[in-house]
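Below: one structure, written as structure tokens.
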Amino acid sequence: GQQLNQSPQSMFIQEGEDVSMNCTSSSIFNTWLWYKQEPGEGPVLLIALYKAGELTSNGRLTAQFGITRKDSFLNISASIPSDVGIYFCAGHGSGNTGKLIFGQGTTLQVKP
Amino acid sequence: DVKVTQSSRYLVKRTGEKVFLECVQDMDHENMFWYRQDPGLGLRLIYFSYDVKMKEKGDIPEGYSVSREKKERFSLILESASTNQTSMYLCATQDRLNEKLFFGSGTQLSVL
């Protein structure tokens, strides 16, 4: 079945640094979604991507739908302590009727 | 804004008890999902539903059942709770037009 590899698994960075994480799929996806989850809460949608090559921003966050349609990237610029959390990618391919495939998550810690 | 409400944030039950986790959404979405989240295992799909009275097994349905009698409500049932069902349970609803998944705040269930 379809699989998603998300990397890195965790990051510990200094406040102000930029962050990059990515997801790769074993098959083509038509939709990529990026979520952030804070401790004790449910994931919250950050960015949705629907077209190969699409680049979308949400404040300091920028995500891209890879040209091959098998990967996606999330960048956070000038990180701040409230960026702490787990970031998940999720993809939707054809034929699985609404079900999303989730990456394992990237845990981000920011040192003030 | 989409509102997905899970009935309990924290729940403690004993082994063998029947447990009901309730989820209500206010966006008239057809698709609803139940996931469990465990450290190191990511989000795993238990059951989903595309419409009232319809249900489909996800990746880990054993030990669970669901009920969707009304469009806005999707219930997860643990027929006889076991300690290995201690987990964070997340309900989600999906907009079919754009595949975006919206999560509730989660229920942290402990089975003793």
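Chain identifiers are assigned alphabetically (A, B, ...) following the order of the sequence lines, protein sequences preceding nucleic acid strands; residue numbering begins at 1 within each chain.
- Proximity to chain A at a heavy-atom threshold of 4.5 Å picks out B/Met88, B/Leu90 from residues 78-90 of chain B, in numerical order.
- No more than 12 heavy atoms of other residues, nucleotides or ligands shown are found within 6.0 angstrom of CD on A/Gln9.
- With rounding to the nearest 0.5 Å, the separation of NE2 in A/His92 from CG in B/Leu101 is 10.5 Å.
- Follow the hydrophobic side-chain contacts under 4.5 Å out from B/Tyr47 and you never reach B/Phe33; the two are in separate clusters.
- Hydrophobic cluster membership differs between B/Leu45 and B/Val66, with clusters built from Ile, Leu, Val, Met, Phe, Trp and Tyr side chains linked at under 4.5 angstrom.
- B/Tyr64 is not connected to B/Phe48 by any chain of hydrophobic side-chain contacts under 4.5 Å among Ile, Leu, Val, Met, Phe, Trp and Tyr, and they are in different clusters.
- In the hydrophobic clustering of this structure, A/Tyr87 groups with A/Ile101; members are Ile, Leu, Val, Met, Phe, Trp, Tyr whose side-chain heavy atoms approach within less than 4.5 Å, directly or through other members.
- With rounding to the nearest 0.5 Å, the separation of CG in B/Leu43 from CD in A/Gln104 is 9.0 Å.
- Contacts with chain B (heavy atom to heavy atom, under 4.5 Å) involve these residues of residues 39-66 of chain A, listed by number: A/Gly40, A/Glu41, A/Gly42, A/Pro43, A/Leu45, A/Ala48, A/Tyr50.
- A/Leu100 and B/Ile60 end up in different hydrophobic clusters when Ile, Leu, Val, Met, Phe, Trp and Tyr side chains are linked at under 4.5 Å.
- Heavy atoms closer than 4.5 Å to chain A are found nowhere in B/Tyr10, neither backbone nor side chain.
- Contact count versus chain A (heavy atoms, under 4.5 Å) is highest, among B/Gly58, B/Ser105, B/Gly106, for B/Ser105.
- With a 6.0 Å radius and a threshold of 12 heavy atoms from other residues, nucleotides or ligands, A/Ile67 has its CD1 atom at or below the threshold.
- Of the atoms belonging to B/Glu99, heavy atoms from both backbone and side chain fall under 4.5 Å from chain A.
- You'll find the side chain of A/Gln37 reaches within 4.5 Å of the side chain of B/Gln37, heavy atoms only.
- In this structure, A/Tyr35 contributes its side chain and B/Phe103 its backbone to no donor-acceptor pair below 3.5 Å.
- The contact between B/Arg9 and chain A is made entirely by side chain atoms (from C-beta outward), counting heavy-atom distances below 4.5 Å.
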